[in-house]
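Some notes on the structure that comes next.
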Protein chains: 2
Amino acid sequence: MKAKSVTSHDVAKLAGVSRSTVSLVLNGSDAVSLSEETKERVREAARVLGYRPNSAALMLRKGRTDTVGLVITETRSIRVDAYIPMLHYAIADVLKEAGYSLLLETFERKKGVNPYTDLVVSHRIDGLMVLSPHVEDKDLHALLDSGFPVVQIGSIGHPDELSVTTCTRDSTMEAVRHILQLGHRAIGSVPFSPAGFSATDSRLEELRQELSKNGITLDDDCIEFGDFSAESGYNATLHLMRRQPQLTAIFAGNDTVALGVIGALNSLGLSVPGDVSVVGYDDLPFSGFISPPLTTVKMNADQQGRLAADLMVKRLKGQSIPEKRLVLPSEVVLRASTGRVRN
Amino acid sequence: MKAKSVTSHDVAKLAGVSRSTVSLVLNGSDAVSLSEETKERVREAARVLGYRPNSAALMLRKGRTDTVGLVITETRSIRVDAYIPMLHYAIADVLKEAGYSLLLETFERKKGVNPYTDLVVSHRIDGLMVLSPHVEDKDLHALLDSGFPVVQIGSIGHPDELSVTTCTRDSTMEAVRHILQLGHRAIGSVPFSPAGFSATDSRLEELRQELSKNGITLDDDCIEFGDFSAESGYNATLHLMRRQPQLTAIFAGNDTVALGVIGALNSLGLSVPGDVSVVGYDDLPFSGFISPPLTTVKMNADQQGRLAADLMVKRLKGQSIPEKRLVLPSEVVLRASTGRVRN
DNA sequence: AAACTACACTAACACGTGTTAGTAAGGCTT
DNA sequence: AAGCCTTACTAACACGTGTTAGTGTAGTTT
């Protein structure tokens with residue numbers, strides 16, 4: 001019933017040589033000389049039998065798995081936001097190209113349990129990629145201390161970390177200037193998550209500072225936190241506009257939330273950008289094609305993922321890494337969701 | 001530098017017993033009797049050293065990897081549509097709960113290359129999940145013939161297949177009736193992909209049949225194919241409405257495409273649903289919170305993924321599987337993107 | 001007293017691979 | 001003819017684990 005698997009022993013038997021010879025031929029080793037005729041006979045036998053080395057045996061022998069783990073910490077966001085999957089698949093692409101497999105690890109943090117231990121200590125993976133790591137993640141810091149290959153998307157400030165981040169400061173400044181030039185003065189914000197997440201905190205802080213430079217204070221009453229989903233953006237906006245109906249511009253924490261922000265504004269009878277302008281972050285694939293097309297701060301998830309995966313490949317292959325912390329620029333994409341303030 | 005890994009040998013030495021004893025204790029085997037005192041000493045030693053069995057050795061010894069592969073065939077769709085990731089993460093959740101890891105495999109089909117061979121023949125995985133399989137996929141049929149554990153999301157009609165599909169026929173009927181009751185007669189469609197993909201073909205065929213039952217023919221001129229993204233929906237709609245400006249209702253192939261459809265209609269100065277009604281498929285998390293909230297055929301990706309993963313777990317654990325082909329019902333969700341036809 | 005049982009543990013094998021040290025034979029040099 | 005190099009190959013080990021058959025001892029039965 002179960003097709004017995006083909007081992008190098010079978011190949012050896014068919015080719016009339018020893019198992020060692022099979023291994024040497026198939027791995028192209030030139031440490032020992034073999035006649036061309038024998039080599040060909042072995043290759044042919046392997047082909048006929050459809051031989052593939054058993055990967056577990058390979059891992060055991062070589063002491064590596066050619067597998068990289070991917071940890072996604074923000075489990076709440078996975079199902080409702082498109083950004084993580086974009087990173088994920090970009091990473092998968094690059095790693096596959098370099099000969100590595102990608103093992104997905106979604107974990108919930110439990111008290112007293114180090115979520116990295118299982119994968120790492122059991123030698124299940126050669127390296128770990130962490131998306132949106134928490135700055136105060138004790139276990140992650142410990143893992144970095146141990147020297148295990150880790151690449152993060154997002155920094156936790158560890159001296160040895162390899163990370164890729166996107167700096168939104170300049171773009172936020174540019175977006176704020178854009179909004180101010182359109183005449184807006186009553187400005188609110190709907191971050192994409194509760195406070196405490198690094199991207200949320202930094203975007204909010206940058207926004208606050210830029211507005212402040214221009215003499216506008218971003219009052220706490222003008223902020224209503226979302227929770228990753230468009231739904232949360234929708235509900236937050238309803239609350240926000242009930243409390244602060246004078247607002248004419250809203251900075252959404254990301255494009256998914258912005259979708260809900262626009263939906264809520266419209267449901268309140270407000271037009272975008274006629275009555276209220278909306279700015280997002282990320283520039284998801286759909287952002288240019290919704291109604292109205294969204295003005296947003298482009299993050300380039302694809303490039304971010306690819307560079308992170310490149311870092312991992314370099315690290316695993318022992319290649320030199322000139323820059324351990326890559327910082328990508330963002331870019332403001334002006335579209336139709338922002339407009340001149342109503343009279 | 002490199003922290004040498006802890007093996008059962010180390011544990012044995014510390015506990016003052018043989019390696020066999022360590023293995024027996026830690027696996028809770030009662031095939032041989034051991035004193036409680038020794039057991040405790042071994043457990044303590046293992047705890048102190050932080051011992052975890054080497055997974056490669058385990059795989060080799062046990063002949064299984066406790067790993068499931070996930071093949072995503074529609075690489076074009078991955079980055080631009082939210083449906084696949086939802087399936088993906090639901091599957092990952094269930095498998096993890098059952099003690100399996102998930103290995104991601106995104107592959108491009110190349111001539112003469114069997115994309116399943118590597119993972120399967122090298123014993124890298126115990127089972128394979130295939131998302132949106134092609135009906136005529138020769139290699140997949142061969143894999144099923146071989147008896148290797150495969151679960152598909154989407155059917156290819158193989159006699160032994162394990163699959164989960166969602167039947168949209170009833171919902172399409174219901175949605176069509178809904179649209180007709182609103183007075184619409186000039187109806188178009190923007191499928192989410194080119195023809196040839198099973199979901200696209202079946203949805204289109206169901207739509208055609210239902211309309212036909214009501215005396216309306218869905219002309220080819222009233223169909224403009226999308227290509228997975230919101231952008232493709234946007235562009236297709238521009239073409240479609242230029243060609244058929246009389247249309248008052250559009251069935252989008254999925255919600256992502258519907259996003260672009262609505263965007264395009266608005267950019268043409270048409271309101272939704274004032275001038276044109278739009279129906280989507282999937283009910284993505286954002287669909288209820290965009291503007292206008294989208295009327296759609298709900299697919300329940302999460303449940304689909306969970307059931308598929310359950311099938312896989314049952315299959316791998318040798319449990320009985322009463323129904324090899326699960327067919328889930330869909331459900332029409334009426335929202336504000338559909339309305340009475342304009343006068 | 002011999003034989004058996006129960007207990008506590010270990011030696012040895014097998015999983016499938018890559019690699020190093022070693023063997024055998026033939027041709028060449030001295 | 002003895003020694004040496006080259007060519008062609010293989011035996012044997014190691015990776016770390018789970019398990020089966022087996023060993024020895026103490027206690028109990030016949």
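Naming: A, B, ... by sequence-line order, numbering from 1 per chain.
Going from atom CG of B:L24 over to atom P of D:dT17 covers 14 Å, rounded to whole Å. Counting to the nearest Å, the P atom of D:dT19 and the CG atom of B:L34 are 13 Å from each other. For B:E36 and C:dA6, the CD to P distance is 20 Å, given to the nearest whole Å. Put simply, CG on A:L60 is 4 Å from C1' on D:dC15, counting in whole angstrom units. The nearest whole Å value for the distance from the NZ atom in A:K13 to the C1' atom in D:dT10 is 17 Å. In this structure, B:R41 atom CZ and C:dA8 atom P are separated by 13 Å, rounded to whole Å. Between B:E37 atom CD and C:dC9 atom P there is a gap of 8 Å when expressed in whole angstrom units. Rounded to whole angstrom, the span from the NZ atom of A:K62 across to the P atom of C:dT17 amounts to 12 Å.
The aromatic rings of A:F197 and A:F228 sit perpendicular, their planes meeting at an angle over 60°, well past the 30° parallel limit.
Contact annotation for A:S8: backbone-only contact, meaning every heavy-atom pair under 4.0 Å involves sugar-phosphate atoms and none involves a base. Within 4.0 Å of B:T38, counting heavy atoms only, lie sugar-phosphate atoms of the nucleic acid but no base atom. The residue A:S35 sits close only to the backbone: its heavy atoms come under 4.0 Å of sugar-phosphate atoms, none of a base. Note on B:V17: only backbone sugar-phosphate atoms sit closer than 4.0 angstrom, heavy atoms only; bases stay farther off.
No option in A:K324, A:R315, A:R325 other than A:R325 meets the salt bridge (charged side-chain N to carboxylate O under 4.0 Å, His left out) test with A:E161.
Closest-nucleotide positions on DNA chain D for B:L58 and B:A31 were compared, and the one nearer the 5' end corresponds to B:L58. Heavy-atom nearest nucleotides on DNA chain D were determined for A:S33 and for A:R19, and the one closer to the 5' end corresponds to A:S33.
Contact annotation: B:T21 side-chain N/O to C:dT10 OP1/OP2 distance is under 4.0 Å. Distances shown here put every side-chain N or O of A:S20 at or beyond 4.0 Å from the OP1 or OP2 atom of D:dT10. OP1 or OP2 of D:dT17 has not a single side-chain nitrogen or oxygen of B:N54 nearer than 4.0 Å.
The two residues A:Y89 and B:R79 have their closest heavy-atom pair at O-NH2, 3.3 Å.
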*Give the C-alpha distance, both sets of side-chain angles, the deciding distance and a yes or no for salt bridge (charged side-chain N to carboxylate O under 4.0 Å, His left out) between B:R43 and B:E36.*
CA-CA 11 Å; B:R43 279 191 284 256; B:E36 192 53 47; 3.0 Å; yes
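Closest to the side chain of A:R61, out of D:dG16, C:dT19, C:dA11, is C:dT19.
Looking at A:S23 and A:S20, their side chains never bring a donor and an acceptor atom within 3.5 Å of each other.
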